[in-house]
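Down below is the structure, laid out as structure tokens.
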Number of protein chains: 2
Amino acid sequence: MIETAILGLLTEGDAHGYGLHRRLIDMGFWRVSFGSVYPALRRLKAAGAVEVSETKDEKGRKQYRLTETGRAMLISQLGDMDTVDNTSGFRVRMTFLDLLSGQDRVAVLAKRAEILKDRINAARVSVAETTRSVYARSEIEHRAASMQRDVEWVESLIMQETKGTS
Amino acid sequence: MIETAILGLLTEGDAHGYGLHRRLIDMGFWRVSFGSVYPALRRLKAAGAVEVSETKDEKGRKQYRLTETGRAMLISQLGDMDTVDNTSGFRVRMTFLDLLSGQDRVAVLAKRAEILKDRINAARVSVAETTRSVYARSEIEHRAASMQRDVEWVESLIMQETKGTS
DNA sequence: AGCTACTATATCGAATCGATATGATTGAAA
DNA sequence: TTTCAATCATATCGATTCGATATAGTAGCT
């Protein structure tokens, strides 16, 4: 998932490790550490998804550039249905959703809505069983309500996407 | 954080590893694996927070029991202000918030509200800078709105807690 | 009897975290 | 003008966690 995020950011231009880390933090996806960023860049390089510029920039920093292989990997990861659960991962996906075709976008969004609905149902069962405390119950109820709004948001995006199409 | 969750569940009665894993999954805190649960139980045992019953249960399973040390550790972890960020961690905290005193509860909730407000501001900056796509913008706006409702929820809990107290 | 599903404990390699080391640059106060 | 803290930048360390898998017993069905 960190790979997806890095590849996504590199579609906006070349960057170096520290800068990518800062952007990942700023975007608030999740708390990423350098211990994830640098090994991830090494893996991406080994996989041919990114290249390091021979000529370093004016400050002597390594610049990473997205390759065509890397772009193809990104598109494939953004459309992968097996990883649509995972909250942070979905945020990354949404950020770079414009790189997918309209069809794939709708498929991803629909899958997300489905997963959220399952979780809402699980929460409903959970709240019925919970006798722990008002806090425990309140937390589950609040979370269920929050996920319900997520579903509505995702479905509104699907509507926007499909209106105008046969 | 997995330690906190396990200790919390053990306040409700003795349990074995597999059962704890199942309950953690059911509660929907986050996706926990056996590779976290069993090592965590070993650490808790080494720290004296849990005991393994000498006499296994009717099915021959290891039963873990919370010790007084463990209960004290749990209370301390639930009240620790340095770990109030982290979404999953906060859910665990809310579930077992009844174990804290009224004062500590309010302190934890207030800290959470503060952290969420900071994140909302960061999201506002982020959405102003984002030109990526409608999806990227929509995601940030939706997240900010979601966190705003989280703040309102947390503040309503603080109100309930403080009303009636001088 | 055979089979599928579930219960239960546990470990493996890879990924990730949080902290830290190192050094260079920058900017502002002493 | 030096010095001192903060930030930039790359990188690694040990510990933790993940996802997958191994192993084996039990349940219930057909």
Side-chain angles (χ1 to χ4, degrees), chain A residues 1-7 9-10 14-26 28-47 49-50 52-53 55-64 73 77 80-89 91-92, chain B residues 1-7 9-10 14-26 28-47 49-50 52-53 55-64 73 77 80-89 91-92:
Chain A
M1 195 196 58
I2 188 170
E3 268 101 341
T4 313
I6 289 176
L7 293 175
L9 287 175
L10 287 177
D14 299 357
H16 54 278
Y18 185 83
L20 287 167
H21 177 257
R22 186 161 23 76
R23 288 219 57 197
L24 288 170
I25 296 290
D26 289 348
F29 292 138
W30 75 100
R31 295 211 306 283
V32 205
S33 73
F34 289 119
S36 316
V37 172
Y38 287 108
L41 282 170
R42 238 175 292 150
R43 288 196 300 275
L44 288 170
K45 199 178 135 193
V50 301
V52 182
S53 310
T55 54
K56 294 182 178 180
D57 78 348
E58 74 283 356
K59 291 239 171 69
R61 300 172 298 197
K62 287 186 198 167
Q63 288 281 119
Y64 292 91
M73 276 177 59
Q77 283 168 20
D80 179 14
M81 287 301 167
D82 297 340
T83 53
V84 183
D85 57 345
N86 185 311
T87 310
S88 306
R91 294 217 288 252
V92 173
Chain B
M1 195 196 57
I2 188 169
E3 269 103 340
T4 313
I6 289 176
L7 292 175
L9 287 175
L10 287 177
D14 299 357
H16 55 278
Y18 185 82
L20 287 167
H21 178 258
R22 183 159 28 74
R23 288 220 56 198
L24 288 169
I25 295 291
D26 289 349
F29 294 137
W30 76 100
R31 294 212 306 282
V32 205
S33 72
F34 289 119
S36 316
V37 172
Y38 288 108
L41 282 170
R42 237 175 291 149
R43 286 196 300 276
L44 288 170
K45 198 177 137 195
V50 302
V52 183
S53 311
T55 54
K56 293 182 180 181
D57 78 348
E58 73 283 356
K59 292 237 171 69
R61 299 172 298 196
K62 286 187 199 168
Q63 289 281 120
Y64 291 91
M73 275 177 60
Q77 283 168 20
D80 179 14
M81 287 300 166
D82 297 340
T83 53
V84 182
D85 55 346
N86 184 311
T87 310
S88 307
R91 295 217 286 253
V92 173

**Request:** Report the residues that fulfil side chain to side chain donor-acceptor pair (under 3.5 Å) with A:Arg42, sequence neighbours left out, ordered by chain and then residue number.
**Result:** none
**Prompt:** Under 4.0 Å between a side-chain N or O of B:Tyr38 and OP1 or OP2 of C:dT9?
**Reply:** yes
**With B:Ser33 via side chain to side chain donor-acceptor pair (under 3.5 Å) - residues at least two apart** = B:Ser36
**Item:** Nearest-Å distance for atom pair CD1/P, residues B:Ile6 and C:dT9
**Value:** 12 Å
Do any N or O atoms of the protein come closer than 3.5 Å to N or O atoms of nucleotides 16-19 of chain C, and which pairs are they?
| unit_1 | atom_1 | unit_2 | atom_2 | d |
| --- | --- | --- | --- | --- |
| C:dT16 | OP2 | A:Arg43 | NH2 | 2.8 |
| C:dC17 | OP1 | A:Trp30 | NE1 | 2.9 |
| C:dC17 | OP1 | A:Arg31 | O | 3.0 |
| C:dC17 | OP2 | A:Ser36 | OG | 2.2 |
| C:dG18 | OP1 | A:Arg31 | NH2 | 2.6 |

**Asked** A:His21 NE2 to C:dT20 P: how many Å, rounded?
**Response** 15 Å
**Request:** Would you please confirm or rule out a distance under 4.0 Å between OP1 or OP2 of C:dT7 and any side-chain N or O of B:Tyr18?
**Result:** yes
**Request:** Take the protein atom CG of A:Leu44 and the nucleotide atom C1' of C:dA14, then report the distance between them rounded to whole Å.
**Result:** 15 Å
**Request:** Please test A:Met1 against A:Trp30 for side chain to side chain contact (heavy atoms under 4.5 Å, CB included), starting from the C-alpha separation and ending with a verdict.
**Result:** CA-CA 11 Å; A:Met1 195 196 58; A:Trp30 75 100; 3.4 Å; yes
**Message:** With a 4.0 Å limit, can you tell me whether A:Arg42 has a side-chain N or O closer than that to the phosphate oxygens OP1/OP2 of C:dA15?
**Reply:** no
**Request:** Whole angstrom is fine here: how far is it from CD1 in B:Ile25 over to C1' in D:dG19?
**Result:** 11 Å
**Request:** Convert the base pairs of DNA chain C into dot-bracket notation, remembering that pairs crossing earlier ones are written with [ ] and that bases paired across to another strand are shown as |; include only Watson-Crick or G-U pairs under 3.5 Å.
**Result:** ||||||||||||||||||||||||||||||
**Asked** Shortest non-hydrogen contact from B:Leu41 to B:Gly17?
**Response** CD1-CA, 3.8 Å
**Request:** Output all residues satisfying side chain to side chain contact (heavy atoms under 4.5 Å, CB included) with B:Tyr18, sequence neighbours left out; order by chain, then residue number.
**Result:** B:His16, B:Arg22, B:Phe34, B:Tyr38
**Asked** Is B:Arg91 reaching over with its side chain to a backbone N or O of B:Gly28, donor-acceptor style, under 3.5 angstrom?
**Response** yes
**Request:** Mind listing the closest non-hydrogen atom pair of B:Val37 and B:Ile6 along with its distance?
**Result:** O-CD1, 4.3 Å
**Item:** By salt bridge (charged side-chain N to carboxylate O under 4.0 Å, His left out) - contacts of B:Arg43 (at least two apart)
**Value:** B:Glu3
